[in-house]
**Student:** 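Sharing a structure with you now.
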Amino acid sequence: MHYGSLHTRSHFSFLAGASSPDELAAQAHALGHSFVGLTDRMGVYGAVRLQRACATYGLKPIIGAEVTVEGAPLVLIARSMRGYTSLCSLLTVAHQCDRSDPQVTLDDCAQHRDDLICLTGGREGRYWQLMHARDHDAAQQWLQTLRSVYGSDVVIELLHHRRPRDGAIAERMVAMGAAMQIDVCIGGDVRYATADDYMIYDVMTCTREGITIFDHHTARPVNDQQCLRSYRDLSSLLPYPQAFATMARIADACSYDILPDHITPPGARLPEGVKADDVLRALCNAAFTKRYANDTANVEYAADLLEHELTVICDLALADFFLVVHEVTQEARRQGIRCSGRGSAANSIVAYLLGITGVDPIRHHLLFERFLHRGRKGTPDIDVDFDSDRRNEVITWMEERFGPEQTAMTGTLITYRLRMAVRDAAKALGWPMEVVNAMSKAVPGYTNKPIADYAEELATVVGPSPLLQTLLRVVERMLDRPRHLGLHSGGMILSARPLTTLTPVQVSANGVTVVQFDKDDVEAMGLVKFDVLGLRMLACISETLELIERYEGHRPDVDELSLDDPHVFQMIKDGRTLGVFQIESQGQMHLLAQHQPDCFDDLVSEVALFRPGPLQGGMVNPYVRRRRGQEPVQYLHPHLEPILRDTLGIVLFQEQVLEIAHKFAGMSLQDADDFRALVSKNRDLKALAIMRKRFIRGAMQRGVDLAAAEAVYDKVSHFVGYGFCRSHAAAFAKIVYQSAWLKHYHPAAYLAAFMQHRPGFYNLMTLEEEARRCGVEVLLPDINASWFRYELAHSSTGALAIRKPLTSIKGCTEDVARSILWARLMGPFTSTEDLIRRVDLDVDVASAIALSGALDRLARDSRTAMWEVGVALKRKARPSLDFEAQTSVFDLPLVMDDDVPHLPTLRAQERLAYDYMTHRAARLHPMTLYRRALNDMEVRTIATAFRSTVKEITIGGIVILRQSPPTAHGVLFVTLEDETGFVQCVVQPEAREQFSQHLRKASLIIRGKVHAVNNWRGIVVTDVRPLTGVIGGYYGHPAMYGGTDEMEMGRGDQNTEYMIKNSINDQGSMIRAGRKTTDATRPPFSSIDLPQ
Amino acid sequence: MKLFLDQIDVQCKNDRPTLVCWRGGVYAVEHILETWTSRTAWWSADEAREYMLLETTNGVMEVYRTANGWTLSRLFD
């Protein structure tokens, strides 16, 4: 006879259940259960994992859910796939009705009731609550109501958690069931696998309810008895054999498998009677002629490859999928939305011929099997980058084209990482918020180390608290458990049949529909995912092309560039790559100086080299030396030569790992792919050890001696961490080239678009400095000339310049900018007063506009504009105060000549500070103002370091980047910028420790030895001094502040602070980057004494 | 019903209470009406309580057992 728990929550109830499906299955197996019924709250999130776990332990999986019906949960269990579909449909209705409080009505239940068994629910269920309250009449009425919906499939659920009156309530339920001829069964209402998991459940409950473990709350458990139980234990508490028999009968009746052995591809739109395979073949053949007919060297090989791919694709029933992706990319292009396929799909000649990817797999020796082969488990991914600005248009089109029922985004499980676990656990354990904040800052966001290793750090925050050990215990158990469901970055599922037959579909916070499974589960269910990704660089390129077309009168075809322009490669070799896709970081610039790429293949290698896999595998320097002819090309074994020839004997790409496993070690393609994935993750040491033996044995069977086999394995196994596949690197390298080409030939348009989309990680000040280095003037925001976005304009010399937009002004949101532009359509603003009259501006925004210099052409200068804004806004708000006799505000001007005294012009430091505060970059580099003083101190410009004779130097500048990547083993990289350029300073661990206090400062003086590689310079730091008194403290380094361009006023610069305060006190509104400053010494705006 | 938190002695046979000794009196346990458990302060090692509602010769007594022994919780008249 079946025995188990029909009503069980897992941690996929998100803070309302404490164990994983695997833990539940393991415990059920240990207790002698024959099935596990998973019934998470409002979802089937754990269904795939349950089915797999049950397969492992030889248990029967049963899938259901706790569904909130008119305010209280019922337990609905699927009896068959039809029942599962009913459940998914009902849950979809609930989630789409109200995402914050999903629930359904009884009418909804009646519409989606096929093959569902309805249990009356556990302790929170309405029936149990009524029985607990001894409201038997209402309980009977509720049973009748349920029977009207579910008929004989209503079953009364019995439970016993060793709480007061549990036994008596169960007894009354049994009696009522007998009286009403309704079956009773043992449910369980289980929340965790074992009693030990109770503490996690309690902490999760506290987190969910926002309380602490010291608070009384009805949702908190009172004991540890809501766990799985043995038959002997439960039958002693609930001595009702008929209830156990009903449970067994239900378990017996449930039978289905949600993990099919086939995929559910999307349905391509085809004419009646036409096969997808034929259409795909025809499209490829048409494109083949265009692409390869004249390529006599490759045409035959390309034809064979195409035939091979088409056969595999059609055999795997993926023709529809390819046609759908083709249709989406075609439509995007038709709408002018830039897109580019990436990832392993670029290994496919079919994807290339369909225009999904732009990289020729024959030209770049790409391996189709990395993408797809007959033995592949699961479905292949096709990743396509779209212009990030317009990605939503693509998604909307896809939903309309394929129907909202057949499209949804893949979910992502947001699981507990160390910092989040410490934070939630500390809050639940009752520490005050400031302590919780300090504790979460004391640990890294993510760790592989045991949590006990952080006891000391946490103890320094909380002292010798007895709860600290409890916290560590709880955190350890919380790690990796799901906290909530998020949205995958781009995984769009397309299905030929309604998704609700396979998964509930819910709505994310931003209104996107999302399934209840993550990408692995989606793949296991046979659903096909198409990654619709947003890439800001594509938006940047699109906008650049538009600007070129508008201001230069032509539109270059960047997709058909020859990829060999020596001027572009010279720019790259010189390291003038700030703003160029993928190669703008300081590390990449250093590598460029060594590598000196001079052809497209070099760019492919460059992109692939600077990844954790090659970096940690020690492959970068050997590759560069071989590429530059400084060391001979060698192979560990002659068998490797065909695989590694074009990368000079170095393993650079994922495909090469796969090929070595396949061809050198004789693994099947699937096993080789598994080997590649295992090596790159480098986590499962046991599996790696097994794989090592297999690899070596396979190689030896192919005639390789043991020493060589081991050496090759060791080399390949160093390819740990993330590495690119060649196709992905090639796809990205093309964008690298396009962006470099645009920067070289159209710097104004490119940098304007770059500032608009900000695809890189440098702050705005550095970008503006880069524009000036490229000979492009950056014009200030201007109320009559600026637009919504970064635009081009002709400077006084007639050259193209970048005009900063209204939206670059602090507080000038898109709505505000829109209202200004709408007003400006009626004619330019003629004065500050005109602006204030015609546009309804908030005082802070109006002040920021004045201080930014956007009104300088209307007023005498920014200070005067600020004064006029103050006067005009006050008079506009309260006209009667000063003009009681007037009947209309339009009778007199808001600002009269007498209102505005002759104010001193802003000094350079003030101007600089206001620029930073209001539009996040100064028209002049701050260091310029201090150059004379710095020269006196023998602090040189950064440009000096680039002179070949300089071996040691002292420089000063603003910190624009501060990085310490895990691959650098404790070295800190600080990038300093002054008015002549920027340079990377390398701080070794000892120096880092010695100067740790100073290194946090926003501006520094650094002394060090110059390290030169071609045009690149680095400073190996020997001494660090704070450079205070420059501009207060500008910090634009995103490594610490998330990429914002901000300035902190007054830190270490009392003089500037004083000046700014006094200047602003004249009119009383001080705007500070990020927030408005509270300044007790200045009068509130409304109390300014206006001149009469 | 009266509330107490008195330490008491309870004699058991096969883990079932048979006699309750409280304030000099000894009362025979006639029936165990109900049992339940409580463990709200799980971070405290000795906190788990096993409650019993006993029908005794002195009325209905609610008692509980912890690692530290037995306590009379409530007495129902």
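Here is how names work: the chains are called A, B, and so on, in the same order as the sequence lines, proteins then strands, and each is numbered from 1.
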**Student:** Which distance, rounded to the nearest 0.5 Å, do you find between the CG of A/Asp166 and the CD of B/Glu34?
**Tutor:** 7.5 Å

**Student:** Could you give all pairs that pass the ring-ring contact (aromatic ring centres under 6.0 Å, His included) test and reach residues 210-240 of chain A, with sequence neighbours left out?
**Tutor:** A/Tyr3-A/Tyr231, A/Phe214-B/Trp43, A/Tyr231-A/Phe244

**Student:** For each of A/His161, A/Arg165, A/Arg473, tally heavy-atom pairs with chain B at distances under 4.5 Å, and name the one with the top tally.
**Tutor:** A/Arg165

**Student:** Would you find more than 12 non-hydrogen atoms of other residues, nucleotides or ligands less than 6.0 Å from A/Glu171 atom CD?
**Tutor:**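 No - once you tally the heavy atoms of other residues, nucleotides and ligands closer than 6.0 Å, there are 12 at most.
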
**Student:** Side chain, backbone, both or neither: which part of A/Pro164 has a non-hydrogen atom closer than 4.5 Å to chain B?
**Tutor:**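 Interface part for A/Pro164: both.
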
**Student:** Name all pairs fulfilling the side chain to side chain donor-acceptor pair (under 3.5 Å) condition that reach into residues 15-29 of chain B, sequence neighbours left out, sorted by first residue then second.
**Tutor:**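 Sorted result for residues 15-29 of chain B: B/Asp6-B/Trp22, B/Asp6-B/Arg23, B/Asp15-B/Arg65.
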
**Student:** Looking at every heavy atom in both A/Asp202 and B/Thr40, which two are closest together, and how far apart are they?
**Tutor:**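 For A/Asp202 and B/Thr40, the tightest heavy-atom pair comes out as OD2-O, 4.3 Å.
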
**Student:** Enter the distance from B/Trp36:CH2 to A/His160:NE2 here, rounded to the nearest 0.5 Å.
**Tutor:** 11.0 Å

**Student:** In this structure, which one of A/Asp196, A/Ile213, A/Asp224 forms a side-chain contact (heavy atoms from CB on, under 4.5 Å) with B/Trp42?
**Tutor:** A/Ile213

**Student:** Using non-hydrogen atoms only, which part of A/Leu429 is less than 4.5 Å away from chain B: side chain, backbone, both, or neither?
**Tutor:** side chain

